[in-house]
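A quick write-up on the structure given underneath.
Along the sequence shown, residues are numbered consecutively beginning with 1.
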Amino acid sequence: MIERDLVYLVGSDPAPPLAPPAVVAGEGVIVSESKSLDHLVCCDGAYPFLRLIPGYFYFIEIEWFDGTCSNTGRFGELEVQWTAGELPASYHGMIAWRTVIDGEPGDLAYTPALYHRAAETFCGRVEVVNLADGSVAASPDVCFGADVSDPLGAYTVEPSLAACEGVPYTCEVVEDAWDPEQCVTWPDGEELPDEPLEEPAPAEETSPTSACAIERHGGHGGLALLALLGLLRRRRGPDRGR
């Protein structure tokens with residue numbers, strides 16, 4: 001249970017009735033890369049694996065030594081951010097805000113900055129709630145996502161293989177890692193050439209590449225590109241990969 005101290009201002013006159021809040025909304029599409037090893041195409045001796053990164057939250061990173069990997073999996077989400085206007089000072093400490101998305105009310109918030117994210121279009125409004133008497137005032141319902149050009153939900157893109165010197169390939173996933181003994185060429189699915197792929201350096205002599213990206217696309221919400229790149233450890237398998 002979360003406790004919160006609220007300050008109530010008492011005046012000689014009753015507070016005016018709540019009016020529908022003035023709301024400014026911005027929308028955009030957030031695109032994140034897949035965390036599945038099945039969505040990778042690699043070359044030049046790269047054999048990716050999953051690594052769990054502990055912290056306040058746990059994060060999954062895809063890592064590999066040497067070579068190049070390209071992630072073809074994407075997931076698009078529509079994000080809407082609302083900012084509600086100021087209310088009379090007599091309401092300070094007495095009100096909370098919430099979103100109502102497709103008729104379902106969200107949790108109460110104590111700041112007028114709200115957001116909602118979904119992998120499909122939706123309609124929503126902002127409500128301001130008087131905590132003293134329970135009265136509610138709402139902005140008009142507005143539907144979002146009709147004009148976004150980026151796909152929503154899961155989809156795939158072509159791999160970026162310009163940095164590859166050798167044949168691109170994919171491998172079977174065994175225990176959250178690519179198995180270098182079970183690989184085929186991409187996109188043909190043929191047996192790899194006889195000449196061995198470049199052998200990556202031992203783990204203690206190099207650092208793995210980590211790939212994790214989130215993109216924020218357009219919309220008048222002013223959402224920007226966020227890319228996260230880290231240096232992390234990786235396990236290594238035999239010299240030949242798929």
Are any of the side-chain heavy atoms of I62 and L50 separated by less than 4.5 Å?
yes
After noting the C-alpha distance and the side-chain angles of V136 and V128, does the key distance pass the side chain to side chain contact (heavy atoms under 4.5 Å, CB included) rule?
CA-CA 6 Å; V136 176; V128 57; over 6 Å; no
Between A25 and V80, what is the shortest heavy-atom contact and its length?
CB-CG1, 4.3 Å
Checking A138 now: which residues fulfil side chain to side chain contact (heavy atoms under 4.5 Å, CB included) with it, not counting sequence neighbours?
R125, E127
Heavy-atom count around D188 CG within 6.0 Å, excluding the residue itself: above 12?
yes
Heavy-atom check, side chain of M94 versus side chain of N130, under 4.5 Å
yes
Which heavy-atom pair separates D44 from A163 by the least distance, and what is that distance?
OD2-O, 3.9 Å
With P112 via side chain to side chain contact (heavy atoms under 4.5 Å, CB included) - residues at least two apart:
A84, W97
Within the 4.5 Å heavy-atom criterion, are Y169 and V167 side-chain neighbours or not?
no
Mind checking side chain to side chain donor-acceptor pair (under 3.5 Å) for H116 and listing every partner two or more places apart, or none if nothing turns up?
none
Q81 and E27, any side-chain heavy atoms less than 4.5 Å apart:
no
What distance separates N71 CG from S36 OG, expressed to the nearest 0.5 Å?
8.5 Å
Any side-chain heavy atom of I60 sitting closer than 4.5 Å to one from L52?
yes
Calculate, to the nearest 0.5 Å, the distance between atoms OG1 and CG belonging to T121 and D102 respectively.
8.0 Å
Could you walk me through whether V142 and V23 pass the side chain to side chain contact (heavy atoms under 4.5 Å, CB included) test, one step at a time?
CA-CA 11 Å; V142 177; V23 173; over 6 Å; no
Go through the structure and list residues passing side chain to side chain contact (heavy atoms under 4.5 Å, CB included) with D147, not counting sequence neighbours.
none
For T170 and L40, run side chain to side chain contact (heavy atoms under 4.5 Å, CB included): C-alpha distance rounded to whole Å, both residues' side-chain angles, the deciding distance at 0.1 Å, then the answer.
CA-CA 7 Å; T170 61; L40 296 179; over 6 Å; no
Using the side chain to side chain contact (heavy atoms under 4.5 Å, CB included) criterion, which residues pair with V157? Sequence neighbours excluded.
R74, Y155
Using only the SG atoms, decide whether C42 and C69 are less than 2.5 Å apart.
yes
Any chance OH of Y115 has more than 12 other-residue heavy atoms, nucleotides or ligands included, within less than 6.0 Å?
no
Side-chain heavy atoms under 4.5 angstrom apart, residues restricted to Ile, Leu, Val, Met, Phe, Trp, Tyr: same cluster for V41 and W178?
no
Are any of the side-chain heavy atoms of T72 and H39 separated by less than 4.5 Å?
yes
Residues 128-140 vs salt bridge (charged side-chain N to carboxylate O under 4.0 Å, His left out), sequence neighbours excluded, gives none
